Protein chains: 2
Amino acid sequence: MNLEIITKAIASKGLKITHQRIVVYQALLASVIHPTAEQIYDQIKESNPAISLATVYKTLETFVENRLINKVPSPNGTMRYDARTDYHNHIYISNTNEIMDYDDIELKEILLNYLKKKQFENLNITDFKLQIKGEKIDPIKGITIS
Amino acid sequence: MNLEIITKAIASKGLKITHQRIVVYQALLASVIHPTAEQIYDQIKESNPAISLATVYKTLETFVENRLINKVPSPNGTMRYDARTDYHNHIYISNTNEIMDYDDIELKEILLNYLKKKQFENLNITDFKLQIKGEKIDPIKGITIS
DNA sequence: TGATTTAATAATAATTATTATTATTTAGTA
DNA sequence: TACTAAATAATAATAATTATTATTAAATCA
Ligand SMILES: [Mn+2]
Ligand SMILES: [Mn+2]
Ligand SMILES: [Zn+2]
Ligand SMILES: [Zn+2]
């Protein structure tokens, strides 16, 4: 992903452009599995050996507060991060522990319609997502992917 | 909830009937908020001061493994527990940190229909839930509930 | 029933994930 | 270039959960 886009995105939130912020955001944008803070750290420390894990956590939290990225809770309790902020759903793949995006305008319409129709007393709905859980299948051998 | 029902449920999984298991299951059944292990512990230790927090964790894990109860991940990262094992959805209430059940046969039908229609290559879907997030509103003053 | 066996529990140590603290460094700006 | 506020690295602390082990209790059986 273009470095200019990355720096502009960080700057657009009024945040200082630092090397650490650039590489953390870059790593998150490049990942498709919704990584943990530690996975991001492990990846970027190869080219940035001086970076601290606490900085990765803090940077991610700063991005979340500024709505540049999102947190995604996972079934095993450790937090995952998502560079996308537009509406989409997630598939949790239990045999690989990956979280994949699932996009469908039709689904959003169906859910919006459904929720509009229903009554929720004394409740202001702020978000809704279809959480799909599944397991990846090796098409040749059946389900045997780590 | 009837003690006989509780002991039968535990026995039906081939588990030994112990006082600790009875009170943990009883407390979970009685709760509507999907409590944490610690919330269950705090509640039951009043009448069972000798019980250990580790026993509560271990007991809950045993119940999960035996499909007597379910784990429910929460947005703030701490695990929650659910005495229900039938299909239903959850509403996470961000201003009280409660997780409430949301039941609707129509919703299940809509989602089942939708998922059946779609193609998921190399993926075996094992579960799906609508995750609703919202905030409780005090009908008199607007949103000001802790 | 009482003894035996096996599993569960209490107490506590250890681990994992995350957040807090603080001295040092750096980005943005005058 | 110098100044200042903010960010970072290093590390300590905390919260949540899991592991360990000696003790206790439930189920089985003589
Ligand atoms: Mn934690
Ligand atoms: Mn944990
Ligand atoms: Zn996503
Ligand atoms: Zn529930």
Side-chain angles (χ1 to χ4, degrees), chain A residues 3 6-28 34-42 44-45 47-66 68-81 97 99, chain B residues 3 6-8 10-27 34-42 44-45 47-66 68-81 97 99:
Chain A
L3 207 126
I6 289 170
T7 54
K8 276 203 176 126
I10 297 169
S12 77
K13 303 297 181 175
L15 298 171
K16 283 188 180 173
I17 309 300
T18 68
H19 183 65
Q20 291 87 340
R21 283 174 177 168
I22 291 168
V23 294
V24 166
Y25 189 44
Q26 200 164 238
L28 189 57
H34 302 77
T36 63
E38 196 138 13
Q39 284 173 331
I40 292 171
Y41 172 70
D42 286 342
I44 65 185
K45 78 175 169 196
S47 38
N48 302 79
I51 204 164
S52 165
L53 175 58
T55 299
V56 174
Y57 272 105
K58 196 147 197 317
T59 300
L60 289 167
E61 202 52 46
T62 300
F63 288 166
V64 171
E65 285 163 7
N66 287 275
L68 186 62
I69 68 171
N70 275 122
K71 277 187 174 181
V72 180
S74 86
N76 78 118
T78 68
M79 200 53 75
R80 310 283 285 258
Y81 296 87
N97 201 30
I99 295 174
Chain B
L3 207 127
I6 290 170
T7 55
K8 276 202 177 126
I10 296 170
S12 77
K13 303 297 182 176
L15 297 172
K16 285 188 180 173
I17 309 301
T18 68
H19 182 64
Q20 291 85 342
R21 284 176 178 168
I22 290 167
V23 295
V24 167
Y25 189 45
Q26 199 163 238
H34 301 77
T36 63
E38 196 139 12
Q39 284 173 331
I40 293 171
Y41 172 69
D42 286 342
I44 65 185
K45 78 174 168 195
S47 37
N48 303 79
I51 204 164
S52 165
L53 175 58
T55 299
V56 174
Y57 272 105
K58 198 149 195 319
T59 299
L60 290 167
E61 201 54 45
T62 301
F63 288 166
V64 171
E65 283 164 9
N66 287 276
L68 186 61
I69 69 172
N70 275 121
K71 276 187 174 181
V72 180
S74 85
N76 78 119
T78 69
M79 201 52 75
R80 311 283 285 259
Y81 296 87
N97 200 30
I99 295 175

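Letters go in sequence order (proteins before strands), and every chain restarts at 1. This is a predicted model, so every value here is computed, not measured.
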Closest approach of [X] and [Y], non-hydrogen atoms and distance?
X: A/I99; Y: A/S74; result: CD1-CB, 4.0 Å
X: B/I17; Y: B/T7; result: CD1-O, 3.3 Å
X: A/Q26; Y: A/L3; result: OE1-CD1, 4.3 Å
X: B/R21; Y: B/K16; result: NH1-O, 3.0 Å
X: A/I44; Y: A/A27; result: CG2-CB, 3.6 Å

Report summary line: Quick tally for nucleotides 5-15 of chain C: nucleotides whose base has a protein heavy atom under 4.0 Å get B, sugar-phosphate-only ones S, the rest -, giving -BSSSBBB---
Taking only distance into account, with no hydrogens and no angle test, what donor-acceptor pairs under 3.5 Å do side-chain atoms of residues 50-59 of chain A form with protein atoms, sequence neighbours excluded?
| from | atom 1 | to | atom 2 | distance (Å) |
| --- | --- | --- | --- | --- |
| A/S52 | OG | A/A54 | N | 3.2 |
| A/T59 | OG1 | A/T55 | O | 2.6 |

Query raised in the report: What residues, two or more places apart in sequence or in another chain, satisfy salt bridge (charged side-chain N to carboxylate O under 4.0 Å, His left out) together with B/K13?
Result: none
**Report entry** Full working for side-chain contact (heavy atoms from CB on, under 4.5 Å) between A/M79 and A/L60
**Finding:** CA-CA 11 Å; A/M79 200 53 75; A/L60 289 167; over 6 Å; no
Report summary line: Under a 4.0 Å heavy-atom cutoff, the residues of residues 68-81 of chain B touching DNA chain D are B/T78, B/M79
Query raised in the report: Hey, does the side chain of B/Y57 come within less than 4.0 Å of D/dT18's phosphate (OP1/OP2), counting only N and O?
Result: no
**Report entry** B/T36 vs B/I17, nearer the 5' end of DNA chain D by closest nucleotide
**Finding:** B/T36
Query raised in the report: For A/I10 and D/dA6, what is the distance between atoms CD1 and C1' respectively, to the nearest whole Å?
Result: 15 Å
Query - Full working for side-chain contact (heavy atoms from CB on, under 4.5 Å) between B/H34 and B/Y81 - result: CA-CA 5 Å; B/H34 301 77; B/Y81 296 87; over 6 Å; no
Query raised in the report: Can you list the residues that meet the ring-ring contact (aromatic ring centres under 6.0 Å, His included) rule with A/F63, with sequence neighbours excluded?
Result: A/Y25
Requested in this report: Five pairs at each end of the helix from C/dT1-D/dA30 to C/dA30-D/dT1: take the axis at both ends and give me the angle between them to 10°.
Outcome: 20°
